[in-house]
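Down below is the structure, laid out as structure tokens.
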Amino acid sequence: MLEFFSPVIQKALLAAGITTEKAIQIEQPSDKKFGDFSTNIALLCAKECRKNPRELAQALVPYLLFPPDTVASIEVAGAGFINFYLSPLFIMRSVEQVLFDGDHYGKGVLGIGKSAIVEYVSANPTGPLTIGRGRGGVLGDCIANLLETQGYKVTREYYFNNAGRQMQILGESVRLRYLELCKQVLEFPTTHYQGEYIRDIAETIYAQYGETLEKSDELSFFKTSAETSLFNSIRQTLQRLGIRHDTFFNEHTLYLADESGMAANQRVIDALHEKGFIDNYDGATWFRTTKLGQEKDKVLLKSSGEPSYRLPDIAYHITKFERRFDMIVNVFGADHIDEYPDVLEALNILGYDTARIKIAINQFVTTTVDGKTLKMSTRKGNADLLDDLIDDVGVDATRLFFIMRGKDSHLNFDVELAKKQSKENPVFYLHYAHARICSLLRLALQERAFDPHNSVHHHLLRKLSSPSEIQLGFALLDYPDVVKTSLRLLEPQKMVEYLHSLAELFHRFYQECPILKAETDICTARLLLSVATRQVLRNGFSILGVSAPESM
RNA sequence: GCCCUUGUAGCUCAGUGGAUAGAGCAACAGUUUCCUAAACUGUAGGUCGGCGGUUCGAGUCUGCCCGAGGGCACCA
């Protein structure tokens, strides 16, 4: 709605002879008695105009000229707020727009002609996905969906590493478990992967090859088997959640020489060296972050000559620029919070426009079962496996619970609540609203041969005027703004909250207004309002990646 | 010790420097001759962790203190 109000306010300021640098802000007051929308522009300008904000607001009002039948009234209130009330006609006309746009309602043009990359999950294949990773996965997936609604061409990328020390340890862990199956007595080191899944992989190998591999010192077979198995498991889990990736970027490619005969990692060292940010001491190569005010330099090349994780990270991000993405979104968990400032610093030094990069960090998840909070543990048991959670509460609850709180909040996943078949459970409440509308429309088809796709009666919506109808219509009109806000803040939680309030408004409308029992025109209008509500619920669900059940 | 996130109603959480701090759930009291009561309406519930500072105005910005989670490797 900013696009609607802003130009009018801009003109009014001009007409009233007020010049200001301040950006126009439009907000929805928490209380309807302060209008449908309001602006604080008079308060913002009061100081530089050296005028009382209330007087300034009063002076502005005569110049606020909106198209006919849009804004019903304008009031000055409080310290100098200007409050706008929309006309019911305007609201109902926008409901017609919802019906007209259908699946496209809420789409925008912000990203048309632009490309975006969203990197998420990015777990190395050293174990099955944990609940914590799941939150980031769903968050990333929703952000990618949001970008697509605005016309961005989105690449969903998974960055992983199947080389290096962790993978060696993984292979060794599997080999040791295999040897145990061959009745060898040995000590399993605490530094190795303890998970039950290691035994499973070893058993599969044992079942297939018996003890024929017992004498082999060759690790790579065990490593490769483990990697293949775990990567499959990860991808299967993601698939269950409806999370897909377009590209898998292997960190290892950054170590290999390209056409120019040089590895991407080496090019980063050279480029940083040229800028004077490389130093060699203690046998290692360092990124001189002390020059940037940090306490310590950071190792790029270890004394063994191998890159530390930081170097390929920088090189990897450079590829995102080289691949010419207009927007670069990185989604990762709080455990990687210290990683990105160094990467950004390096990119800045090398002259890349880091304003294109957006970072979404999600805090961790604790699960509550029977009122008891379990802390996530990667070591023993499989209580923190994402697959187990999905088995337990289902895909929709898993997805929705992960994003129904702000990403910065330390999420408390109440497993009991997620399984409840009642209003307490937000998943259920949202589903029910949708199913209820579907059921209503099935009946309307039977009793009145109502066709939701027939547009000849759309104008009847303008006959609706009761508070619950107007409020519902108003909420529908708000949807495109909610999409934009969710994207701007990288926060799909805003969408969840919105859809919940939309469901609530629908239930109230349904309760207060008889639909099929109403006289013909009103009945049709109310059915159309219901169709529009269902449309917006569906559009929102599809961004969140939850299903839209037709009956329950 | 340092860094990041966080502390708002009994619980889970919103809150973009602005109006009397909001929502959901739980609690309590009501609503079905009627399209899904798997719902709706109403009531009650607060020292915004604490103490200062910035300004016309602070839950929001800032300083310190306290609590919670995470991170501080030549691991990724």
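Quick caveat: nothing in here was measured; it's all calculated off a predicted structure. Throughout, protein chains are lettered first and strands after them, A, B, ... in sequence-line order, and every chain is numbered starting at 1.
- Between the side chain of A/Asn83 and the base of B/A19, a donor-acceptor pair under 3.5 Å is found.
- A 6.0 Å sphere centred on CZ of A/Arg235 holds no more than 12 heavy atoms belonging to other residues, nucleotides or ligands.
- Applying the salt bridge (Lys or Arg N to Asp or Glu O under 4.0 Å) rule to pairs touching residues 291-309 of chain A yields A/Lys298-A/Asp342, A/Lys302-A/Glu306, sequence neighbours excluded.
- Between the CG atom of A/Asn412 and the C1' atom of B/U12 there is a distance of 7 Å, rounded to whole Å.
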Between A/Ser6 and A/Glu3, is the side chain to side chain donor-acceptor pair (under 3.5 Å) condition met? List the steps. CA-CA 6 Å; A/Ser6 190; A/Glu3 297 93 330; over 6 Å; no

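- If you take CZ of A/Phe506 and C1' of B/C35, they are 10 Å apart, rounded to a whole angstrom.
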Return a single string for nucleotides 1-7 of chain B, one symbol per nucleotide in 5' to 3' order, where B is base contact, S is sugar-phosphate-only contact and - is none, cutoff 4.0 angstrom on heavy atoms. -S-SBS-

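- Atom pair A/Asn40:CG and B/G15:P shows a separation of 18 Å (rounding to whole Å applied).
- Remark: the separation of the P atoms in B/G71 and B/C56 is 43 Å, to the nearest Å.
- Here the P atom of nucleotide B/A14 and the NZ atom of A/Lys494 are 7 Å apart, to the nearest Å.
- In this structure, CG in A/Leu301 is found 8.0 Å from CD1 in A/Ile278, a value given to the nearest 0.5 Å.
- Under the side-chain contact (heavy atoms from CB on, under 4.5 Å) criterion, A/His252 pairs with A/Ala163, A/Asn250, A/Tyr255, A/Leu256, not counting sequence neighbours.
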Below 3.5 Å between N/O atoms, which protein atoms pair up with nucleotides 73-76 of chain B? Just atom names and distances, please.
{"unit_1": "B/C74", "atom_1": "O2", "unit_2": "A/Ser303", "atom_2": "N", "d": "2.6"}
{"unit_1": "B/C74", "atom_1": "O2", "unit_2": "A/Ser303", "atom_2": "OG", "d": "2.8"}
{"unit_1": "B/C74", "atom_1": "N3", "unit_2": "A/Ser303", "atom_2": "OG", "d": "3.2"}
{"unit_1": "B/C74", "atom_1": "N4", "unit_2": "A/Asp282", "atom_2": "O", "d": "2.7"}
{"unit_1": "B/C75", "atom_1": "OP2", "unit_2": "A/Lys302", "atom_2": "NZ", "d": "2.5"}
{"unit_1": "B/C75", "atom_1": "O2'", "unit_2": "A/Gln166", "atom_2": "NE2", "d": "3.1"}
{"unit_1": "B/A76", "atom_1": "OP2", "unit_2": "A/Tyr309", "atom_2": "N", "d": "2.9"}
{"unit_1": "B/A76", "atom_1": "O3'", "unit_2": "A/Glu251", "atom_2": "OE1", "d": "3.2"}
{"unit_1": "B/A76", "atom_1": "O2'", "unit_2": "A/Asn124", "atom_2": "ND2", "d": "3.2"}
{"unit_1": "B/A76", "atom_1": "N6", "unit_2": "A/Tyr309", "atom_2": "OH", "d": "2.8"}

Are any protein N/O atoms closer than 3.5 Å to N/O atoms in nucleotides 42-45 of chain B? If there are, list each pair with its distance.
none

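- Neither side chain, A/Gln28 nor A/Asp481, offers a donor N or O lying under 3.5 Å from an acceptor on the other.
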For RNA chain B, the expected dot-bracket line (Watson-Crick or G-U under 3.5 Å, [ ] crossing, | inter-strand) is (((((((..((((....[...)))).(((((.......))))).....(((((..]....))))))))))))....

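- Using a 4.0 Å cut-off, no side-chain N or O of A/Tyr510 falls inside it from OP1 or OP2 of B/U32.
- Atom CD1 of A/Ile318 and atom CG of A/Leu347 lie 6.0 Å apart (nearest 0.5 Å).
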